[in-house]
Structures are given as C-alpha cells and as structure tokens.
Student: 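This is the structure, below, for whatever I ask next.
Only heavy atoms go into these numbers, but all of them, side chains included; no hydrogens, no water, no symmetry mates. Keep in mind it's a predicted model, so treat the numbers as computed, not measured.
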Amino acid sequence: MVLNPVISKLSGKLVVLASSSPRRLEILRNAGLRFEVVPSWFKETLKKGLFKAPHEYAVETAKQKALEVARRMPIKHLKTPDMVIGADTIVTVDGMILEKPVDKQDAYRMLSSLSGKEHSVFTGVAIVLCHEKDDDELDYQMIDFYEETKVKFADLSQDMLWEYINSGEPMDKAGGYGIQALGGMLVEYVHGDFLNVVGFPLNHFCKQLDVIYNHCSFVNPETTESVYDRHSSPILIEQKDTSTSIPRHSSPSASPLHKVCQRRCAYKCCSSFAKVNRLSKQDAGEIKLHNSETTMLSVMRSGDGAVIDQTEPKKGDLGLICELMDGFKASKALFTASKFGLFDVLHKKPGLDAEQIAQEIKASVKGTETLLEACVSLGLLKTRDTGCPKPGFENTDEASCFLRSDSHFSLHAYIQHCNDTLWPVFAHLESAVREGTSQHGKVKSSTEICQVIILQLRFMHAMHSSAKVAATAVATAFDLSSYKTACDVGGCTGAIAYELIKIHPDLSVAVLDLPAVVEMSAPFQRQHTDKRVTFKAGDFLKDELPKADLYVLVRILHDLTDEKLHILLRRISDACTPGCGLLLSEIFLDENRSGPSRGLLQALSMSEGKQRSAAEYSRLLKGHGFITAQVKHTNSLLDAMLCTKA
Ligand SMILES: Cc1cn([C@@H]2O[C@H](COP(=O)(O)OP(=O)(O)OP(=O)(O)O)[C@@H](O)[C@H]2O)c(=O)[nH]c1=O
C-alpha cells in the first residue's frame, strides 16, 4: 500500500466525515485527507441484543451515521458528497458493550469493569460512495469494515478512578477513557492499532481506499454493470438491484438498515461489501425506525380515560437536570471567588486555611468557608493536609492556568465581564424570550454615562482574555504559510494578530477596529514590540479595508444582523483577488443545532446576530465567492474555517 497516492485519489472530491469526534477529525486531517465535517444526527440507539457479535453493532451504527449524512446533505441544499465516512467506537468487556458514560457514576462503573483486565476496542467504519442520479434519487455504494484492538488496564484503585473521572476526560469517550491522554496512564499494553482505540483505524481505512481506488472497479451506476478486477483477487460486487431502492415512505421493516442486513454477501476485505443502493432524498426522515425500538415510553390509561405518559427516568436523567438547576449557582460561585481574588491569593500563599483566606480577601469567615467548600466541590480548589485541624486550600491546575489574574491564559477579565455584564442581562432572560430582543439596553440604561468608557475598557479586557485563550487554536488551525499579509477585521486588542505572527513568521497583520477601540487598545500592546502587527482605525462597514491576502474574522459574524453581515462580506470579497483567503473563527453549532451549549447559551444574550453551523457559514461565504477549504472543530473556545476566494 502506498499511502499518499491513496489519499490523493480523493483530492478534488467532496469527502465528508460524518462525525463530531475531534479525534477522528484529527487522525484523518493528520493523514492529509481534505474533508468537511458534518456530524451525524443518527442516535446511537440500535438494540445491541439484535447483533450476533459486538463488532456488528459498531459497523451497523457507523453505517447509519454515514447514511444519515449522505441523505441529509443534498436535502439541506448542501452539495451531494462523493464520499461520506462514518465510524463508531465501542469497548467490550465480559460480554458487555460500553459506549460513552452518561454520568460520573456510569464512568466509574465502566472503568471498574475494565480494571486489571484485557478488553477489546472495536471501531466500525462505513464508507458511503455517492452518485447523484437526479433531483430525487441518490445512488450509493457502501463499504464497511471494523478493526479490533486489545487493551489491558492495570489494577486501578478507587481513588485513582475518581481522580481520573473528575478530570472530565471520560465523559465523551467510549468505555470512559481516552488512551491518547490521561487515560494512557491506566493502560498496561495495547495489542493492535492504537489509532483504532482513539477512534479511527487509519491503517485499515487506507487499505480500503487502496482497494476501492487501485484494485477494484465498482458497479458503474450509469451502466448497471458489475465489474471484477481481473488483476486482484476477486471482489464480489453485487449487481445493481433496484429492489434495494427505498420507497419514499418506507415502513421501518423496509428500512435501509434491514435491507442492507439481509442482502449482505460474501466479499473480500473483512466485512466490506459494495453495491449500488438507491435512495430517494425524501427518505431522509425515515431513519427514525430505531426510536420505536428503544423508547422507554409506556402509555397507560388513567381512571378517567386520559392517557398518562409514563416515561421511566433513564440513568443519568436526574443528574443532568440537577446540574442544570444548579448551574447558575456554580457560575456565581466562580464569579464571586474570582472577584475576591481568591485564586490570586492561593497562588501566592498556597495552603492557607479558611480563616487566613477570609482575612486576605476581607470577607467573613463563615462566608469564606462556604465559598471555599463550594469551590472544592466544583474542582476549582483542592484541600491540602497541613497537619493542623483545619485544612489548607490550594488552586487546582485549571484554576492556576485560567483563573489567576496574572496567568498567560487568564480568563479573569472575561469572568468579570460575565459577572458584571452578562449576569444582569441573563436576569432578564424571560423578557428577552418574550420580546425577542436583547436585554443589554435595559441593563446599560441604568449605567452612568461617565462609566461608559470604563465599561468599554472592561469589555476589551474581557475580549482580550478570552481571545488569548482561543488564539493558539485559531492561529494553528491551518497552514497559512502561503499568506504574507493579513487583515484582522474587528481585531480589537490584537490578541489574535500577535498569535498569528508568532506562529507564522512570514505574516504581517493589520488590525482594523473602531477609532475608540484602537485608542484604548494601546495598554494591551505594551509587552509587544513586533512591528509586523499594525493598527488601523476605521469602521469595517464603511471605511476602506487594508489590502491583504488573508482576511481574518474572529467572533465578528455571529454578532451582526444579516444586513450588516452581507455588507461586510461583500466589502471583503471586493477587496479580495482570486486565491485570497478568509479565516473565519466562531463557535460552530452542530448541524442539527443541538449543541454545543456554549454557542446556544451565548445566543440567549446576543443583540443582533445569530449562531450558525459550519455548513451555514460555508453557504453564506459561498454566496460571496468564497469556497470553504477546511473546517476545524478545535476543542477550544472557538472553531475555525479557512476559505479561498474563487
Ligand atoms: C476508547 C477511546 C475512545 N475515544 C473516543 O470515544 C468516542 C466514541 O464514541 P462514538 O460514538 O464512536 O463517536 P462520537 O464521539 O459520539 O462521534 P460521532 O462519530 O459523531 O458519533 C470517539 O469520539 C472516540 O474518539 C477516545 O477518544 N479515546 C479512547 O481511548
């Protein structure tokens, strides 16, 4: 297998990764594959008992994830992809299939069942090759396979397990661990493909691409001929069979899933098979069949004949609700501790007890004690045994990194902004929802005019601190070496600009922002001497944009009305020559707008704009002549997208 020619076979094709897993994205990106990410909406609810072996469950889930995206993309007016890749990772031990834990207790249960034992990690992968037929139909071929890796865990003590669980790492990972990070410390040995455990069996995938593009010919959907490659061992390809077309309103039993299962045939390469299936684009909604199998709803009739909906609570349901009910208390505890400078005090004098801390922060002993305990429970502080009857307190690593006011990645100013500005705005949320307007005005109108400048400066501090935390992820998201001049439109204090020039030595950046902002941003530049960042005062909606071959828009578009957004994009597009780049950074919503919460909660206090998914931004930009080259979900505060002017 020659790796690069295999990956390069896909250049120029629209390859879509139907996954929200940042690990899969990174594995494939690192392999040089160019693709878009459209997370699947398929709910992982297939009945495990229906499958003879665990890997069949993983493969079937992967197939359904990929098919759901292949169906949805053309309907949602996105382009029909050439290839959709879906994957599903599961952990199996003692006959049980472990997926992602629903809460900490569940993670504990999973990890204890793995302690001291060998288990298997299976990743099922589905590759859907699509061929657009006409307005209504989509032909596709499905190739699927799986990979198994054996992993042995050391004996794990209860303390160690809880420490690991409290790190937060287990929650979005099958089996409740991430071998690529802290979870690696739990592992005694790995037999097989390491990346398979992380979430994607890259080696097996490349072999499959090799088979697809170098060693076999697939059924040509136009001619309906089935073809064998005579120079390699025969790959059995089912002849196109229109009986696999899915009726527009197929019943669950005639679902693609069932058809696919029944029609499975012998083939080379593990469990792969390829055949042409036909899918009506209208069938997108029909994938719901599994919901009926897994729902826990039982309908009963009460004495007066009314239907009572008795939904049994699922494990973890209560945990979720409690977390949400108490969420505001946790936030306010963080804001208060931050306002009192608690994390600075404990950085300078770790190990102080409650009484000493109360003295330092000039607060009551009783109140301080309560706040300290709450902060420990939230993972912001930890206790230290000082040998005295009263425990000492110190910052956790997270607090040390993000909550001190003097740390490089300090979010202190942003947290104060949350407390002083956003908290009062959210107190008016009911009115905001009822009236459909932001409540910023109500809160601001009660502010003295002379305070406006102070507020503006505070706001800039807040933006500066969160931009600094997001900057590395944004600046390193893509290879920008071909660009020499950039303009950071609305770049505020230059936090992103300075990071960009740090990472890209040949780049110089002009930061464009309103005159008042540029004037007030001087104190933020004191520690920077590099002349490659310059500031230009101007209104990006009216004044001339500095010439550049890369325009940068970080957290700008979501805040603009549609009208302003189109004015800005048109102005940038006019300033660009073909080949110029546009680096967009925002929180990208999931395609079904079901998350991430950070983006959706932010929308609740936004005045004019709206939050969008990567595909929505992509479409907007396409309307102004920009083609999306790459999308990156960074796992940091902001995601990123690189587009090129066509
Ligand atoms: C064992 C292990 C798993 N994982 C992650 O566990 C998720 C599995 O869940 P999934 O359902 O297969 O995928 P998902 O995250 O829900 O994404 P999607 O493809 O959208 O369903 C994937 O993320 C994997 O990386 C690690 O990161 N490290 C590990 O060591």
Side-chain angles (χ1 to χ4, degrees), residues 323-343 371 374-375 378 380 398-399 402-405 409-449 451-471 490 492-493 495-496 513-514 517 520 524 554-561 585-589 593 595-612 636-639:
E323 216 169 285
L324 294 178
M325 283 192 307
D326 289 345
F328 77 100
K329 298 175 197 164
S331 301
K332 192 65 185 178
L334 165 66
F335 300 166
T336 305
S338 186
K339 187 143 215 154
F340 278 116
L342 183 61
F343 306 105
L371 181 64
C375 287
L378 293 170
L380 305 176
E398 291 87 343
F402 298 113
L403 302 180
R404 281 161 42 205
S405 62
F409 291 117
S410 173
L411 284 169
H412 180 79
Y414 188 73
I415 290 168
Q416 291 320 299
H417 167 69
C418 293
N419 186 56
D420 300 339
T421 309
L422 297 180
W423 183 264
V425 170
F426 270 80
H428 293 285
L429 185 58
E430 290 148 27
S431 320
V433 171
R434 200 172 297 121
E435 297 159 15
T437 54
S438 153
Q439 303 295 301
H440 277 280
K442 277 193 190 154
V443 175
K444 268 190 201 146
S445 60
S446 63
T447 310
E448 295 283 323
I449 299 294
Q451 281 193 323
V452 167
I453 293 183
I454 299 172
L455 288 180
Q456 173 74 22
L457 203 58
R458 269 199 215 153
F459 180 71
M460 285 174 65
H461 267 289
M463 292 306 113
H464 183 73
S465 78
S466 68
K468 266 175 83 180
V469 173
C492 200
T493 60
I496 300 283
D513 217 314
L514 293 169
V517 175
M520 282 196 280
F524 296 91
V554 178
R555 264 200 321 207
I556 300 292
L557 295 190
H558 77 271
D559 222 10
L560 301 180
T561 58
S585 185
E586 294 280 355
I587 300 171
F588 293 154
L589 293 190
R593 302 185 71 84
S597 298
R598 233 165 15 88
L600 295 164
L601 292 175
Q602 190 185 54
L604 289 172
S605 66
M606 273 163 38
S607 11
E608 304 194 308
K610 57 176 164 239
Q611 299 285 38
R612 297 174 175 84
S636 178
L637 294 183
L638 296 173
D639 303 311

Student: With rounding to the nearest 0.5 Å, note down the distance linking CD in E435 to CD in E430.
Tutor: 11.0 Å
Student: Contact between S585 and D639 at the side-chain level, heavy atoms closer than 4.5 Å - yes or no?
Tutor: no
Student: Minimum heavy-atom separation for A470 and L637, please, with both atom names.
Tutor: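 Heavy-atom minimum between the residues: CB-CB, 4.0 Å.
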Student: Look up atom CD in E398 and atom CG in L403, then write down how far apart they are to the nearest 0.5 Å.
Tutor: 9.0 Å
Student: To check you understand the geometry: which heavy-atom pair defines the closest contact between K332 and N419, and what is its length?
Tutor: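 Here K332 and N419 meet closest at NZ-OD1, 2.7 Å.
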Student: Give, for atom CG of D513 and atom CE of M520, the distance between the pair rounded to the nearest 0.5 Å.
Tutor: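 It is 10.0 Å, given to the nearest 0.5 Å.
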Student: Is there a side-chain contact between E608 and D559 (heavy atoms, below 4.5 Å)?
Tutor: no
Student: If only side-chain N and O atoms count, and only distance matters, is there a donor-acceptor pair under 3.5 Å linking T421 with R458?
Tutor: no
Student: Classify the ring geometry of H464 against F524: parallel below 30°, tilted from 30° to 60°, perpendicular beyond 60°.
Tutor: tilted
Student: Kindly indicate whether the side chain of H558, heavy atoms from C-beta on, has any atom under 4.5 Å from the side chain of Q602.
Tutor: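 Side chain of H558 against side chain of Q602, heavy atoms only: contact under 4.5 Å found.
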Student: How far apart are the closest heavy atoms of L601 and F426, and which atoms are they?
Tutor: O-CZ, 3.4 Å
Student: Would you name the heavy atoms of L557 and E586 that are closest together and state the gap between them?
Tutor: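 Heavy-atom minimum between the residues: N-OE2, 3.0 Å.
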Student: NZ/K610 to CG/L560 distance, rounded to the nearest 0.5 angstrom?
Tutor: 11.5 Å
Student: For residues L334 and L378, determine if any side-chain heavy atom of one lies less than 4.5 Å from a side-chain heavy atom of the other.
Tutor: no
Student: Look up atom SG in C492 and atom CZ in F459, then write down how far apart they are to the nearest 0.5 Å.
Tutor: 7.0 Å
Student: Decide yes or no on side chain to side chain contact (heavy atoms under 4.5 Å, CB included) for Y414 and M463, but give the supporting numbers first.
Tutor: CA-CA 7 Å; Y414 188 73; M463 292 306 113; 4.0 Å; yes
Student: Decide side chain to side chain contact (heavy atoms under 4.5 Å, CB included) for L638 and R555; before the verdict, give the C-alpha distance in whole Å, the side-chain angles of both, and the deciding distance to 0.1 Å.
Tutor: CA-CA 8 Å; L638 296 173; R555 264 200 321 207; 3.6 Å; yes
Student: Please name the pair of heavy atoms, one in M460 and one in V517, separated by the smallest distance, quoted to 0.1 Å.
Tutor: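 So the minimum-distance heavy-atom pair works out to CE-O, 3.4 Å.
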Student: Return the minimal non-hydrogen interatomic distance between S636 and R598, and the atom names on each side.
Tutor: O-NH2, 3.4 Å
Student: At what distance, to the nearest 0.5 angstrom, does NZ of K339 lie from CD1 of I415?
Tutor: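 Spacing of NZ (K339) from CD1 (I415) equals 12.0 Å.
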Student: When you measure from the side chain of R593 to the backbone N and O of Q611, does any donor-acceptor pair fall under 3.5 Å?
Tutor: yes
Student: Determine whether F402 and H412 make a side-chain contact, defined as any pair of heavy atoms from C-beta on separated by less than 4.5 Å.
Tutor: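 Result no, sub-4.5 Å side-chain heavy-atom pair not found.
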